**Q** 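Before I ask anything, let me first share the structure, which is written out below as structure tokens.
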Amino acid sequence: MGKKSDIKEMATLLSFALTHRIGSLVNPDEIYSEKYKKESDAFLKKAVKISLRQNWNKDDKIKIKELLKKKLKDDLERRDFLDNKKFDLIDKEINNVLGSLRLN
């Protein structure tokens, strides 16, 4: 696969991971909270594998962050059962996950 498809796939997986992570953070007392944490970890592991396939330059990292932010915002908007605090966590969680993958 090429870089473009890896960027798209990784942004999608990271978006799923962060959507689930944020869901577990904003509604910790809900039944699905633990399930969301486990699913978040699974999506993140898949994204890590993709991140290791390429040598990312500065422009790639910017594209990943922009695409991730858009996808994450769209995913969170569709999940209207989550508390609206979810939007306050977007930037922090994106920076955390990209930092852990050394993509920021």
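Just so it is clear, the structure is predicted and the values come from calculations on it, not from any experiment.
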**Q** Starting at OG of Ser15, measure out to NZ of Lys73 and round the result to the nearest 0.5 Å.
**A** 12.5 Å
**Q** Does Ser33 use its side chain to pair, donor to acceptor, with the backbone of Asp29 at less than 3.5 Å?
**A**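 Side chain of Ser33 to backbone of Asp29: no pair is present.
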**Q** Where do Ser40 and Ala17 come nearest, in terms of heavy atoms and distance?
**A**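 It is OG-O, 2.8 Å.
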**Q** Could you pull out every donor-acceptor pair under 3.5 Å between side chains of residues 87-94 and any protein atom, sequence neighbours left out?
**A**
| residue | atom | partner | partner atom | Å |
| --- | --- | --- | --- | --- |
| Asp91 | OD1 | Lys69 | NZ | 2.8 |
| Glu93 | OE1 | Arg21 | NE | 2.7 |

**Q** Please determine whether side chain to side chain contact (heavy atoms under 4.5 Å, CB included) holds for the pair Lys49 and Lys45, giving the CA-CA distance in whole Å, both sets of side-chain angles, and the decisive distance to 0.1 Å.
**A** CA-CA 7 Å; Lys49 288 180 183 178; Lys45 285 178 185 176; 5.7 Å; no
**Q** Under 4.0 Å between a Lys/Arg side-chain N and an Asp/Glu carboxylate O for Glu9 and Lys4?
**A**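 Looking at Glu9 and Lys4, the cut-off is not met.
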**Q** Which value, rounded to the nearest 0.5 Å, describes the distance between Lys71 atom NZ and Phe16 atom CZ?
**A** 7.5 Å
**Q** Which residue, Leu98, Leu101, Leu13, Asp6, forms the side-chain contact (heavy atoms from CB on, under 4.5 Å) with Ser51?
**A**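 Exactly one candidate clears the test, Leu101.
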**Q** Supply the atom-to-atom distance Leu103 CG to Ile7 CD1, rounded to the nearest 0.5 angstrom.
**A** 10.0 Å
**Q** Look at Glu34 together with Lys38 and state whether they make a salt bridge at an N to O cut-off of under 4.0 Å.
**A** no
**Q** What's the verdict on salt bridge (charged side-chain N to carboxylate O under 4.0 Å, His left out) for Asp74 and Lys70, showing C-alpha distance, side-chain angles and the deciding distance?
**A** CA-CA 6 Å; Asp74 291 344; Lys70 181 188 180 314; 3.1 Å; yes
**Q** Is it the case that atom CD1 in Ile31 sees more than 12 heavy atoms from other parts of the structure closer than 6.0 Å?
**A** no
**Q** Enumerate, atom names and distances included, each donor-acceptor pair closer than 3.5 Å involving a side-chain atom of residues 58-65, sequence neighbours excluded.
**A**
| residue | atom | partner | partner atom | Å |
| --- | --- | --- | --- | --- |
| Asp60 | OD2 | Lys3 | NZ | 2.6 |
| Asp60 | OD2 | Asn57 | N | 3.1 |
| Lys65 | NZ | Asn95 | OD1 | 3.0 |

**Q** Say you draw a straight line from CD1 of Ile22 to OH of Tyr36; how long is it, rounded to the nearest 0.5 Å?
**A** 11.0 Å
**Q** Using the salt bridge (charged side-chain N to carboxylate O under 4.0 Å, His left out) criterion, which residues pair with Lys85? Sequence neighbours excluded.
**A** none
**Q** What is the distance from atom CG of Leu72 to atom OG1 of Thr19, rounded to the nearest 0.5 Å?
**A**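 So the CG of Leu72 and the OG1 of Thr19 are separated by 4.5 Å.
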**Q** Less than 4.5 Å apart, any side-chain heavy atom of Lys86 and any of Leu25?
**A** no
